[in-house]
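Have a look at the structure below before the remarks.
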Amino acid sequence: MPTLDRQNDVFVLDLGDGENRFHPDWIASVNAALDEVEKADGPRALVTAATGKFFSNGLDLEWLFAHGDQYQEYVVSVHELFARVLSLPLITVAALQGHTFAAGAMLSLAHDFRVMRADRGYWCLPEADIEIPFSRGMSALIQGRLAPQTAHEAMTTARRYAGPDALTAGIVDRAVDEDAVRRTAVEIAESMTGKAGDTLGTIKTRMYAPALELLRDRENPLG
């Protein structure tokens, strides 16, 4: 399960050491950590990282297929997590040390910056291959955070981007050696802890208003 640590003014949220799929209990744990980050006073920033082979492999499809009657409620909870991270009133950095797929890739896009391992691991939106369409909120998030051509390619071809390709495409901001991923993310976060506050939150909320509106639509989340 996710754990939260603090290094001076930088909170480090470790998503776990498994596939870090979006099980309801996992989502609740992430939200509890974000509650602590938001309640803190003064300069601060957030690094979201993981341990092991995966940053996140996305939705917990096994749980979802076993609880089909909770499908809409589940999608709402995923959307709300994306919206929350996207509009946090502090700088956020995703440290992608391993595979980052589907909803995990979308969660990474909800962060302000991304650092990816250069030599191994892929960033991928596989929905076109697994025949699960993006919700309107997910589409808006991806298109709001990526250049149009990159969003089109990533969404329609399910391309697996290695670190250098993800950097060229503008999906990530840095591609570094494995042992430097988390350190680099923390360094970026440390340099911008003073940005935290209501003004930054307002800037993000207005910048991503169309995506946030769709992600927070509880009545018709699936379009």
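Atom set for the values below is all heavy atoms of this structure, side chains included, hydrogens, waters and symmetry mates excluded.
Interatomic distance, Glu62 CD to His67 NE2, rounded to the nearest 0.5 Å: 10.0 Å. Atom-to-atom distance recorded for Leu86:CG and Leu109:CG is 9.5 Å, nearest 0.5 angstrom.
Considering every non-hydrogen atom in both Asp119 and Arg117, the closest pair reads OD1-NE, 2.7 Å. The shortest heavy-atom contact between Pro126 and Ala102 is CD-N, 3.5 Å. Heavy atoms only, all atoms of each residue included: Leu214 and Gly137 are closest at CB-CA, 3.8 Å. Considering all non-hydrogen atoms of both residues, Gln97 and Val181 come closest at N-CG1, 4.1 Å. In plain terms, the two heavy atoms of Asn20 and Trp26 that are nearest each other are O-CZ2, 3.8 Å. The two residues Arg114 and Ser108 have their closest heavy-atom pair at NH1-O, 3.0 Å.
No more than 12 heavy atoms of other residues, nucleotides or ligands lie within 6.0 Å of CG in Asp198, so this atom counts as exposed by the packing criterion. Heavy-atom contacts from other residues, nucleotides or ligands closer than 6.0 Å to CD of Glu213 number 12 or fewer. Heavy atoms from other residues, nucleotides or ligands lying under 6.0 Å from CZ of Arg160 number 12 at most. A 6.0 Å sphere centred on CZ of Arg6 holds more than 12 heavy atoms belonging to other residues, nucleotides or ligands.
A salt bridge is defined here as a Lys NZ or Arg NE, NH1 or NH2 lying under 4.0 Å from an Asp or Glu carboxylate O, and Arg183 with Asp177 fails to meet this definition. Using a cut-off of 4.0 Å between Lys/Arg side-chain N and Asp/Glu carboxylate O, Asp14 and Arg182 are scored as salt-bridged.
Between the side chain of Arg145 and the backbone N or O of Asp112 there is at least one donor-acceptor pair closer than 3.5 Å. When atom types are taken as modelled, the side chain of Tyr74 and the backbone of Leu59 share no donor-acceptor pair closer than 3.5 angstrom. Between the Arg44 side chain and the Gly42 main chain, a donor and an acceptor come within less than 3.5 Å of each other.
Each of Met138 and Phe101 belongs to its own hydrophobic cluster when Ile, Leu, Val, Met, Phe, Trp and Tyr are linked at side-chain heavy-atom distances under 4.5 angstrom. Linking ILVMFWY residues whenever their side-chain heavy atoms come closer than 4.5 Å, directly or via other members, places Ile27 and Met106 in the same cluster. Residues Leu125 and Phe55 are members of one and the same hydrophobic cluster, defined by side-chain heavy-atom contacts under 4.5 angstrom among Ile, Leu, Val, Met, Phe, Trp and Tyr. Both Leu64 and Phe82 sit in one connected hydrophobic cluster of ILVMFWY residues. Membership requires side-chain heavy atoms under 4.5 Å apart, directly or through other members. Residues Val186 and Val115 share a single hydrophobic cluster, defined by chaining ILVMFWY side chains whose heavy atoms lie under 4.5 Å apart.
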One pair to check against salt bridge (charged side-chain N to carboxylate O under 4.0 Å, His left out): Arg84 and Glu38. What are the steps and the verdict? CA-CA 11 Å; Arg84 185 175 192 184; Glu38 286 204 81; 2.9 Å; yes

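Considering Arg206, Arg216, Lys204 as possible partners of Ser87, the one that fulfils the side chain to side chain donor-acceptor pair (under 3.5 Å) test is Arg216.
The aromatic rings of His99 and Tyr122 lie parallel to each other, their planes meeting at an angle below 30°, with 60° marking the opposite boundary.
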